[in-house]
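A quick note: this is a predicted structure, and the numbers were derived from the prediction, not measured.
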Amino acid sequence: MRRLTFGTSLLPRFALTSIRYGISKPNIPWTTRTLSQRRLQTTGLTSFDHEYDTIYALSTAQGRAAIAIIRISGPGWRDIYQTLCPNRAPPTPRKATLRDLYDPTDSSNILDSALVLHFPSPKTVTGEDILELHVHGGHATVKAVLAAIGKSQSKHTIRYAEAGEFTRRAFQNDRLDLGQVEALSDALSAETEQQRRAAMRGNSGKLGRIYEEWRQLLLAARGELEALIDFSEDQHFDESPAELMESVTRQIGPILSAIRRHQAGSRCGELLKRGIRISLLGPPNAGKSSLLNIIVDREASIVSEEAGTTRDIVEVSVDIGGYLCVFADTAGLRASSLIGGVEQEGIRRARAKAKDSDLVIVLASVEQSDQLNPSVYQLASGQSGLSTFCDLESLKLAAEAEQAIIVVNKCDSTRSEALTSLLERTGNRLKTLFPGKPPPMVSISCQDAETSDSNIHNLLDILQATFGTMTSVVDDLDLLGVSERQSQLLSACTDHLEQFKDEALQGEECDIVVAAEHLRAAAVCLARITGRGEAGDVEEVLGVVFEKFCVGK
């Protein structure tokens with residue numbers, strides 16, 4: 001029987017890493033280092049040259065403010081405190097204390113009166129001793145205090161922090177997992193209420209605990225197979241190889257189902273984070289540009305009675321009910337025989353944008369039947385020669401879209417009784433054009449946008465309800481915190497588990513070594529999500545994540 005050896009001893013790898021990278025800081029015994037520190041050191045991802053530096057930074061925004069918070073983390077915090085507050089006892093842990101801060105080069109120069117707080121390790125944001133200085137927020141005061149910190153004398157290196165370094169230390173000291181670090185980055189960049197909520201879901205740590213639990217289950221299942229591989233020739237097992245594989249397969253089933261739910265949650269979460277992409281489609285002069293300008297409350301797109309004004313795609317972001325929306329005003333769709341090359345390119349781009357959108361809004365309009373180009377499709381006719389018109393290609397793109405809304409514009413051009421009848425006929429016609437459930441239809445008047453008769457508020461209500469449906473997660477709201485990177489790793493994990501199941505279905509022909517390798521690969525994918533276990537690219541991922549962080553976080 002073939003054998004594979006999985007895993008290696010930590011100590012030999014540490015010895016090798018020490019030789020290669022010159023690690024010579026045994027100040028903290030190997031056995032008392034955190035799991036993350038041991039993982040990073042054994043994989044050779046860091047030499048720990050800066051692990052024991054004391055870092056400091058301004059954690060509040062630059063510029064004049066009432067209060068500015070300067071955060072200090074590391075073993076040299078006491079030396080910094082004694083430099084700034086000579087002959088004063090350190091503050092009681094977690095109790096704000098008023099102290100005068102002195103210039104270390106001139107004991108008569110008081111820099112500021114500040115609130116000083118000390119948070120002892122390990123229960124701090126970084127897992128290290130933290131000293132916070134709450135000083136007055138004037139530029140000169142902040143600059144002077146930061147300069148004084150840099151002049152402090154200590155046996156530990158004291159330096160200004162790099163971007164994201166406080167959070168990096170929190171990860172290395174097991175205060176945060178990698179998923180929480182990503183969620184923190186999302187929270188810092190959140191611009192809308194729904195983005196904030198999604199970020200906070202991922203920051204709870206619940207997802208990391210779930211993924212770690214799955215990883216441990218996969219390790220246990222793999223252990224059963226490894227035992228069979230290594231000892232089947234020497235030991236008697238109560239279960240045959242086929243029975244053992246069947247048992248392990250039953251353990252994998254619930255994990256696979258749960259992963260698929262998390263992937264669905266990721267799709268919803270990504271809509272909230274990157275914004276819901278919306279395309280405005282319809283024939284020329286249906287009111288697409290006017291509607292866009294009303295929604296964003298500014299003249300983002302040119303409005304003209306001349307057909308074909310919009311040639312390229314005009315994209316505008318706006319917050320609607322806490323949802324980030326990216327509207328795209330596109331060229332009006334009409335027969336290519338009537339237009340030039342530039343407008344044809346605009347129409348091509350409009351079609352491509354519609355196919356790439358999360359939601360399509362098709363504008364129809366109420367017009368006089370004898371005033372519209374015959375190439376535009378008549379949805380329904382009503383009294384006084386009025387009809388609703390649209391173009392068939394826009395309706396076709398709406399039918400292919402995941403979500404669509406039909407908006408009938410220019411409803412100020414007819415009497416209310418006639419309009420009600422016309423809209424009813426239009427709705428009936430849409431039912432025949434859209435198989436299954438037709439998209440919702442709403443009538444508006446961009447001309448009367450300043451009045452309650454415009455019905456724009458009703459359109460916005462429908463949009464918010466649609467956004468809620470698109471981003472709803474039925475069983476677990478925390479799934480909104482699943483990031484795109486995590487989703488990709490979950491997908492890779494699913495692939496490995498499916499390959500394991502395919503191998504297990506071979507029965508007596510099953511290769512247990514290959515099956516065990518699929519379980520190992522699946523567990524590694526989960527480890528890369530949280531940064532736990534054998535996650536070899538943790539430092540590389542952290543580098544990408546921390547590019548978005550500001551200094552002081």
Side-chain angles (χ1 to χ4, degrees), residues 39 43 45 164 167 171 176-190 195 198-219 222 252-277 324 356-358 402 470-471 473 475-502 517-549:
R39 178 180 66 253
T43 53
L45 294 173
T167 307
F171 170 76
L176 297 174
D177 63 40
L178 189 51
Q180 288 176 290
V181 171
E182 289 181 299
L184 183 57
S185 175
D186 291 337
L188 293 174
S189 60
Q195 287 179 328
M200 294 309 297
R201 298 294 183 186
N203 197 33
S204 67
K206 179 179 178 181
L207 291 174
R209 291 190 293 271
I210 291 174
Y211 299 148
E212 180 62 15
E213 180 182 341
W214 291 348
R215 190 178 74 88
Q216 294 296 336
L217 290 174
L218 293 181
L219 290 178
R222 174 184 155 204
I252 300 303
I255 297 178
L256 267 173
S257 300
I259 288 177
R260 293 191 178 99
R261 289 198 300 272
H262 281 239
Q263 289 177 289
S266 167
R267 288 189 287 272
C268 296
E270 280 302 306
L271 285 178
L272 297 177
K273 295 170 189 175
R274 63 169 168 77
I276 299 172
R277 298 166 298 187
L324 176 62
D356 193 42
S357 296
D358 305 306
E402 294 185 11
M470 295 168 65
T471 58
V473 179
D475 54 350
D476 190 347
L477 290 177
D478 286 286
L479 298 186
L480 292 176
V482 182
S483 69
E484 177 63 23
R485 184 191 72 90
Q486 295 168 17
S487 178
Q488 292 175 1
L489 289 170
L490 288 174
S491 179
C493 180
T494 301
D495 291 341
H496 288 298
L497 294 181
E498 291 287 2
Q499 291 177 57
F500 165 81
K501 290 180 64 178
D502 291 342
E517 175 62 14
H518 287 313
L519 291 184
R520 186 202 65 81
V524 168
C525 290
L526 295 176
R528 292 173 63 192
I529 293 179
T530 62
R532 309 299 186 204
E534 300 175 5
D537 62 347
V538 169
E539 197 75 5
E540 185 178 325
V541 173
L542 285 174
V544 174
V545 171
F546 289 141
E547 288 179 358
K548 307 174 185 177
F549 275 63

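Under the side chain to side chain contact (heavy atoms under 4.5 Å, CB included) criterion, A199 pairs with D186, A187, not counting sequence neighbours. In this structure D177 satisfies the side chain to side chain contact (heavy atoms under 4.5 Å, CB included) test together with Q180, T530, R532, sequence neighbours excluded. Contacts of A492 classified as side chain to side chain contact (heavy atoms under 4.5 Å, CB included), with partners at least two apart in sequence or in another chain: C525. When the side-chain hydrogen bond (donor to acceptor under 3.5 Å, both in side chains) test is applied to R209, no partner is found at least two apart in sequence or on another chain. Considering only residues two or more places apart in sequence or on other chains, Q216 meets the side-chain hydrogen bond (donor to acceptor under 3.5 Å, both in side chains) condition with E212. In terms of the ring pair (Phe, Tyr, Trp, His ring centres under 6.0 Å) criterion, F500 has no residue partners (sequence neighbours excluded). Take Q263 and apply the side chain to side chain contact (heavy atoms under 4.5 Å, CB included) test, not counting sequence neighbours, and it matches I259, R260, R267, S487, L490, S491, T494.
The line from CD of E270 to CD of E484 is 5.0 Å long, rounded to the nearest 0.5 Å. We find the CD-CG distance between E182 and L207 to be 11.0 Å, quoted to the nearest 0.5 Å. Going from atom CZ of R528 over to atom CG of L489 covers 5.0 Å, rounded to the nearest 0.5 Å. Here D502 contributes atom CG and H518 contributes atom NE2; the two are 8.0 Å apart, rounded to the nearest 0.5 Å. Atom CD of E213 sits about 8.5 Å away from atom CD1 of I255, to the nearest 0.5 Å. A distance of 5.0 Å separates OH of Y211 from NE2 of H262, quoted to the nearest 0.5 Å.
The two residues L178 and G531 come nearest to each other via the heavy atoms CB-N, 3.8 Å. S483 and K273 make their closest contact through CA-NZ, 3.6 Å (heavy atoms, listed as atom of the first residue, atom of the second, distance).
The residue from L526, I529, V524 that alone fulfils the side-chain contact (heavy atoms from CB on, under 4.5 Å) condition with C493 is L526.
Counting heavy atoms from C-beta on, the side chains of E498 and L256 come closer than 4.5 Å. Residues W214 and I210 have side chains in contact (heavy-atom distance under 4.5 Å, counting atoms from C-beta outward).
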Q: Check the pair I252, L218 against side-chain contact (heavy atoms from CB on, under 4.5 Å), reporting the backbone distance first and the verdict last.
A: CA-CA 8 Å; I252 300 303; L218 293 181; 3.4 Å; yes
